[in-house]
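Here's the structure, in structure tokens; my notes come after.
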Amino acid sequence: MIGCYDIDVRYGETDSMGVVYHGNYALYFEDARTKFLAELGFSYADMERDGLMAPIVELNVSYRTPLRYGDVARVVVYISKLTPVRVTYAYEVYRKGMDVASEKPCATGETTVCCVDASTFQPVSMKRATPALYERYVQAKRDANAQRGAEGSGVSTCGRGERNGVAQS
């Protein structure tokens with residue numbers, strides 16, 4: 001599964017040069033990741049009530065072209081790596097209206113989250129603690145790999161064939 005989510009760039013997210021402040025891309029990633037998880041049928045709030053947390057243990061961002069106030073960021077997200085304890089999400093950020101099949105994204109990034117016990121912050125296996133979520137992650141990664149392999153960049157369907165912001169494979 002490859003998720004595509006639109007996020008309005010707000011004035012307060014820009015710096016004195018009129019472009020999105022670099023740190024706000026992490027917030028865009030979080031918004032997309034949370035919506036992606038909801039599309040899988042889960043929420044971080046429910047996980048936390050069940051005694052699990054998923055803190056970010058790694059964040060990487062590469063910037064190419066700035067977004068500005070008034071733009072709509074289209075954030076593409078998919079699972080690039082998966083173990084029973086960690087999930088790595090990959091992101092591509094486009095300006096809405098860009099041809100995602102042929103144009104380079106404005107920014108790219110990855111976040112890795114680690115499933116931990118909320119009371120001890122010790123890593124736990126999703127396969128044991130939340131097997132239904134782990135199986136949805138496995139399927140989402142498999143679907144994204146198939147879609148990316150069939151379409152080259154893997155995001156050319158973003159903006160077409162979507163349901164609730166998620167590109168359907």
Between the main-chain N or O of Arg49 and the side-chain N or O of Asp46, is there a donor-acceptor pair closer than 3.5 Å?
no
Leu40: which of Gln139, Lys35, Arg136 passes side-chain contact (heavy atoms from CB on, under 4.5 Å)
Arg136
Please give me the minimum heavy-atom distance between Ala132 and Phe42, naming the atom from each residue.
C-CZ, 3.7 Å
Linking I/L/V/M/F/W/Y whenever any side-chain heavy atoms sit under 4.5 Å apart, do Met47 and Val138 land together?
yes
Over 60° means perpendicular and under 30° means parallel, so classify the ring planes of Tyr91 and Phe29, tilted if in between.
parallel
d(Lys141 NZ, Tyr89 OH) to nearest 0.5 Å is 13.0 Å
For Val77 and Ala32, which heavy atoms make the closest approach, and how far apart are they?
CG1-O, 4.0 Å
Atom pair CG (Leu67) and OH (Tyr21), whose distance is rounded to the nearest 0.5 Å
15.5 Å
If we ignore hydrogens and angles and just use 3.5 Å, is the side chain of Asp117 paired with the main-chain N or O of Thr120 as donor and acceptor?
yes
Residues Ile2, Arg148; criterion side-chain contact (heavy atoms from CB on, under 4.5 Å); working and verdict:
CA-CA 9 Å; Ile2 296 175; Arg148 289 170 46 78; 3.8 Å; yes
Would Asn60 and Glu58 count as having a side-chain donor-acceptor pair, cut-off 3.5 Å?
yes
I want to check something: taking the side chain as every heavy atom from C-beta on, are Arg33 and Ile56 in contact at a cut-off of under 4.5 Å?
yes
Linked, directly or transitively: Leu52 and Val116 (ILVMFWY side chains, under 4.5 Å):
no
Look up atom CE in Met53 and atom OG in Ser119, then write down how far apart they are to the nearest 0.5 Å.
10.5 Å
Shared hydrophobic cluster, Met98 / Val19 (ILVMFWY, side-chain heavy atoms < 4.5 Å)
no
Taking only Lys NZ, Arg NE, NH1 and NH2, and the carboxylate oxygens of Asp or Glu, determine whether Arg68 and Asp71 approach each other closer than 4.0 Å.
no
Can a donor-acceptor pair be found, under 3.5 Å and without considering hydrogens, that links the side chain of Thr130 to the backbone of Met126?
no
Please confirm whether the backbone N or O of Val9 pairs with a side-chain atom of Tyr69, one donor and one acceptor, at under 3.5 Å?
no
Is the shortest heavy-atom distance from the side chain of Tyr134 to the side chain of Leu82 under 4.5 Å?
yes
Transitive ILVMFWY side-chain link Tyr137 to Val85, under 4.5 Å:
no
Short question: side chain of Asp99, backbone of Glu103 - any donor-acceptor pair under 3.5 Å?
no
Let me see the working for Tyr25 and Tyr63 under ring pair (Phe, Tyr, Trp, His ring centres under 6.0 Å), right down to the final yes or no.
CA-CA 9 Å; Tyr25 285 84; Tyr63 307 96; 5.3 Å; yes
Rounded distance (nearest 0.5 Å) linking atom CD of Glu39 with atom SG of Cys4:
10.5 Å
Taken to the nearest 0.5 Å, the spacing of Cys106 SG from Arg95 CZ works out to 4.5 Å
Contact between Arg86 and Lys81 at the side-chain level, heavy atoms closer than 4.5 Å - yes or no?
no
Answer yes if Leu59 and Ile79 sit in the same cluster of Ile, Leu, Val, Met, Phe, Trp and Tyr residues linked by side chain heavy atoms under 4.5 Å apart, and no otherwise.
yes
Check: Tyr78 ring centre within less than 6.0 Å of Phe36 ring centre:
no
Would you say Glu13's side chain and Arg10's backbone share a donor-acceptor pair under 3.5 angstrom?
yes
Would you mind reporting whether Thr111 and Thr88 have side-chain heavy atoms less than 4.5 Å apart?
no
Can you tell me how far OG of Ser80 sits from CD of Glu110, rounded to the nearest 0.5 angstrom?
4.0 Å
Take a 6.0 Å sphere around CZ of Arg128 and say whether it holds more than 12 heavy atoms from other residues, nucleotides or ligands.
no
Show the numbers, then the answer: is there a side-chain contact (heavy atoms from CB on, under 4.5 Å) between Val75 and Asp6?
CA-CA 6 Å; Val75 183; Asp6 292 345; over 6 Å; no
